[in-house]
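Below: one structure, written as structure tokens.
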Amino acid sequence: MPEFCDVAVPVPLDMAFTYRIPPDATPVVGGRVLVPFRQQRMTGIVVELHDRQPSVTAKKVLSVLDAVPVLDEQLLRLGHWIADYYLAPLGEVFRTMLPLSAEFKRSIGYRITEDGQMALHLAGMSGSSARSRRSPEEQAAEFRVLDYVAGREPEPDGPVLVREETLRSATGVSRTLLEGMVRKKWLVREDVSAARDATRTMKVALLKSTEGKLNDNQRKLVDTLAASGGRVPVTTLQSLDVPRTTLATLIRRGLVEILDAPADFTVSRTKARPSLFEFDLNSAQQSALARARESVAARKFSGMLLHGITGSGKTAVYLAAMRSVLEAGRAAILLVPEIGLTPAVAADLHQIFGDEVAILHSALSDRERAEQWHRIKRGDARMVVGTRSAVFAPVADLALIIVDEEHDSSYKQEETPRYHARDIAVIRAKMANAVVVLGSATPSLESYFNAKKNKYALVELPDRVEQRPLPEVEIIDMRQEYQETGHEQVISRKLAVEIKDRLERKEQVMVLLNRRGYSPVVLCRTCGKKLECQNCAIALTHHKREHKMVCHYCGYTAPVPKACVHCGSEYVYFLGTGSEKLEELLHAMFPQARIARLDRDTVRGHEDFERTLNALNEGELDLLVGTQMIAKGHDIHGVTLVGVVGADVALGLPDFRAAERTFQLLTQVAGRAGRGQTPGKVVLQTYFQDHYAVQYAAHHDFIGFYEKELQFRSWMHYPPYSALANVLVRSDKLDDALRWSGTLGRWFDATRHEGVRVLGPAAAPITRLKRDYRYHFVLKSPSRERLNTTLRAMLAHATQQKIPRTQVIVDVDALWLM
Ligand SMILES: [Zn+2]
Ligand SMILES: [Zn+2]
């Protein structure tokens, strides 16, 4: 065995650390080890085994957690690639790739000592000891613990180790009491290796018939057990509303027993088999499917951009392609945007793939996520569907990765490592000789550009399924509306008439306003100041129903002001309209209509989202108001009119992607209009009626928009014509933020990296966020290699100048420059 191992630890430092391997331990590359780091214990990934003596004394590995790698050779290589490309610390990259944090929260266990055995023996002989200062309850609890631990079957190498969770459930004692017993040396406390209990869970089993006397609580517990076949998870009993000690009493009386059992797959309880789900594909869908199948069969890397207009049936192609992969005994990953994974989608997936599917979404607990990960790793689930991080799913023999709505910004992680899951999907497919399919109605400029350059095959689905017509779009110029009516309108006269008409015809309407809350700005008419967040340079939004002011960036809340906080004037005005106010306005205009709202204030989870969409589909709603969330819903059938109110706000922002985002949003929401053969209509209100993003969206002209936008990107040296990175310097002390950005600015000036343009330092568009003052640089280069070389040198200089690594954020391929 080599003497040392290098370990990537999840800390913001760009290096691995060397540890000495203890004689009895056998760590593996790609496996986890527990190591001391500063004053803590941390889990890291072994990246190398070697015999090179480090210059400083190496600390010892505390324990080896995996006998086999959790990251195979390919995923390790992918991790290194990400660390390199995004300039992210390797340990933090690996932490993101492995959703196994849950395995370390439950890693404490207890063994009984000889002193403990003695104490138990004495207590059994003489009852309570007279000189004890402990209360009788405490003594009884300690006795229960010792009795329980001593009663376990001993292991060959000594007394059994009982996990803390098991022990506390069985005896009903507190952690403090256990710690006290450790201090008295009755128990020893140990780290339990993670590999050992990774996928285990606790269950309670009924041991014998319980004819004897039971009190009500005990009866309740035993009945529950009996009703579920004599075995239930401990958590089920804990939710019964009986004291914790009830279970302990039953265990002591020998009526029930706690078992460690393999965890259940909690997401799907059904023993479903892949069904013979028949996909009814039109000819364009069939030829797309055939292309995908051919590529998969070739076992070589290839990319495909599936450009299908809204409603053209991309999902059916994805699922059919995945099923053919499953039939060939290989694996596939389908990535979907955050909002895409509703329970209904999950049900469909189970219908099609049976138990072969693993679903990874944000509502899973850490433990459920870990369970899913192990199912995939074991090869029990070869079809993986999930949001961003599912791109790291540990499947073997990967044949296909599909990225649905590839343009969606939720694929970009906005914290370290700032990776883009679509781009990782492409890299992973290359490493695995697999096929990657990127699908969208509004592909990102980057992907379409790559397809045009023949990096990907471009496959079009030009028609809506069943030949449904595209909606007619009418643009309303809101400046003219203002001139003609004499005041700012939220709902134009035309839109009001159209809504009324649809409601009379018993048809459904959707209105998009991409801003939540009631009023986005509170302004003092005396001193002219806005009410801003304490922590951010951001106006607070008025939320009327909750009766408070909220910062949408950091969550800070303040009471609704009666007077100006700056000058005390009573002339405070609530300006602008958010979705909450729009809903109220529509209620006032159409009192008979049944109205619901979809935004982050009304939707807390996927169930809320789905419930509202179901109500719409069932005809229980007439009008749906919401933010961009409503543009993303799948399967909306009955809406014949879509109103767009203030979807062009982004066009006023200093962001080179604003036009692209606006075009995508308008196209997506317009795609919701139309029912069966009845064409839909879109009324698009805008203050930018001549803007090309608005015009091309109104004409359903993706190619036109794409050509125009590419010209702009080319002139301005923006992606896809150059690689771009945003470097943000932040500190809660203005002085530090200024000084550090000055230091880096002078370094950029002095070093003048050829072929790299550096803009800045400049105050970031949001000058203060979550208490931090913010300055930034934007770097652009036609050469990715030069860009990254410059960034790496800059980070080295920052370290040398003692600028903390956490205060310099490098965002390669940044989506937002705010
Ligand atoms: Zn004022
Ligand atoms: Zn804030």
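Each ligand, and each atom within it, is numbered from 1 in the order the structure gives. Heavy-atom basis, side chains included; hydrogens, waters and symmetry copies ignored.
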Distance-only polar pair, side chains of Q689 and H691, donor-acceptor under 3.5 Å: no
Sidechain N-carboxylate O distance under 4.0 Å for [X], [Y]:
X: E580; Y: K544; result: no
X: D601; Y: R516; result: yes
X: R661; Y: D655; result: yes
X: E484; Y: R493; result: yes

Point-to-point distance, once rounded to the nearest 0.5 Å, from CE of M589 to CG of L582: 9.5 Å
The Zn ion (ligand 2) - number of protein N/O/S atoms closer than 2.8 Å: 4
Heteroatoms of the protein, restricted to N/O/S, which lie under 2.8 Å from the Zn ion (ligand 1): C524 SG, C527 SG, C564 SG, C567 SG
Option passing side-chain contact (heavy atoms from CB on, under 4.5 Å) with V522 (candidates K530, M549, E532, K529): M549
Distance under 6.0 Å and angle within 45° of ring axis: R418 vs Y86: no
Face-on cation placement of R422 at Y411 ring, 6.0 Å and 45° thresholds: no
